[in-house]
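Reviewing the structure listed below.
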Amino acid sequence: MTDGRRLRVRGAALGVVLMMSGALTACAGPYQYYEGTGVHDTTATEVADGWENVGGTHVVLRKDGSALVVRLDGQDFDFDDGWRLSGSGTWQLTDDDGQVVRLALTTRTRVERRLPVTGADPSAQEPPSTYSWIFHVDRDQRNGLKLFFFYGDPDIGNTYVMTRGTEA
């Protein structure tokens with residue numbers, strides 16, 4: 001094989017490798033590489049409280065591990081369906097790559113629709129009767145807690161932030 005041909009073959013192989021790595025990382029948004037907040041010092045007692053978000057969302061995390069959910073949107077792509085769930089369930093604080101609150105809605109009592117629904121498919125299925133959220137635990141600039149999950153397209157990195165509201 002001549003030097004010119006060998007160089008062209010190596011160049012073509014390098015081009016294929018670069019194209020494949022570009023294609024594989026094209027959809028790699030912040031959520032896909034999210035490594036947590038780095039918070040590891042929160043206690044369940046500190047998390048047990050009432051939490052709010054705009055639009056009338058309320059979540060009460062009780063010290064006994066039970067939870068009350070009022071008008072909580074779905075996370076990730078489920079947010080785009082526009083439903084908001086209310087009901088009761090359970091929660092727990094875990095620590096993987098940063099602390100998270102795992103909230104499980106076990107009894108749905110109400111379904112509402114967020115208006116206007118962005119990108120909702122009119123043929124979408126009935127909202128789920130049970131659902132699970134993973135809230136990341138973080139601290140604000142004053143060292144106060146905030147809970148959040150990602151919603152919508154993970155490449156965009158939108159966060160649904162819950163702040164302290166009414167007492168549990």
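We count residues from 1, following the sequence as given.
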| field | CG-NE2 distance between Leu72 and His58, expressed to the nearest 0.5 angstrom | value | 11.5 Å
| field | Smallest separation among heavy atoms of Met162 and Asn53, with atom names | value | SD-CB, 3.4 Å
| query | If every non-hydrogen atom of Arg62 is compared with every non-hydrogen atom of Ala48, which pair is closest and at what distance? | reply | C-CB, 4.0 Å
| said: Run the side chain to side chain contact (heavy atoms under 4.5 Å, CB included) test against Asp78 and tell me which residues pass, sequence neighbours left out. | reply: Asp81, Trp83, Tyr131
| Got a sec, which pairs hit side chain to side chain donor-acceptor pair (under 3.5 Å) with one end in residues 140-152, sequence neighbours left out? | none
| task | Look up atom OG1 in Thr109 and atom CG in Leu68, then write down how far apart they are to the nearest 0.5 Å. | result | 8.0 Å
| query | With a cutoff of under 4.5 Å between side-chain heavy atoms, which Ile, Leu, Val, Met, Phe, Trp and Tyr residues group with Val100? | reply | Ile134
| query | Counting N and O atoms only, with roles assigned by atom type, does the side chain of Trp133 sit under 3.5 Å from a partner on the main chain of Asp73, one being a donor and the other an acceptor? | reply | yes
| Listed by chain and number, what are the side chain to side chain donor-acceptor pair (under 3.5 Å) partners of Asp95, not counting sequence neighbours? | His40
| task | Please list, chain by chain and in numerical order, all residues satisfying salt bridge (charged side-chain N to carboxylate O under 4.0 Å, His left out) with Arg110, sequence neighbours excluded. | result | Glu112
| said: Leu145: which residues meet the side chain to side chain contact (heavy atoms under 4.5 Å, CB included) condition with it, sequence neighbours left out? | reply: Thr42, Glu46, Val47, Trp51, Val137, Arg139, Arg164
| What are the two closest non-hydrogen atoms of Ser66 and Trp91, and how far apart are they? | O-CD1, 3.2 Å
| note | Sequence neighbours excluded, the answer for side chain to side chain donor-acceptor pair (under 3.5 Å) partners of Arg71 is none
| query | Atom OG in Ser132, atom CG in Leu103: separation rounded to 0.5 Å? | reply | 7.5 Å
| field | By side chain to side chain contact (heavy atoms under 4.5 Å, CB included) - contacts of Thr159 (at least two apart) | value | Phe148, Phe150, Val161
| query | Restricting to pairs with a member in residues 99-109, which pass salt bridge (Lys or Arg N to Asp or Glu O under 4.0 Å), not counting sequence neighbours? | reply | Asp96-Arg102, Arg108-Glu126
| Derivation and outcome, side-chain contact (heavy atoms from CB on, under 4.5 Å), residues Val101 and Leu93 | CA-CA 5 Å; Val101 171; Leu93 177 67; 4.1 Å; yes
| remark: Between Leu85 and Pro127 the two heavy atoms that sit nearest each other are CD2-CB, 4.2 Å
| Residues in side chain to side chain donor-acceptor pair (under 3.5 Å) contact with Thr57, at least two apart in sequence or another chain | Arg84, Tyr160
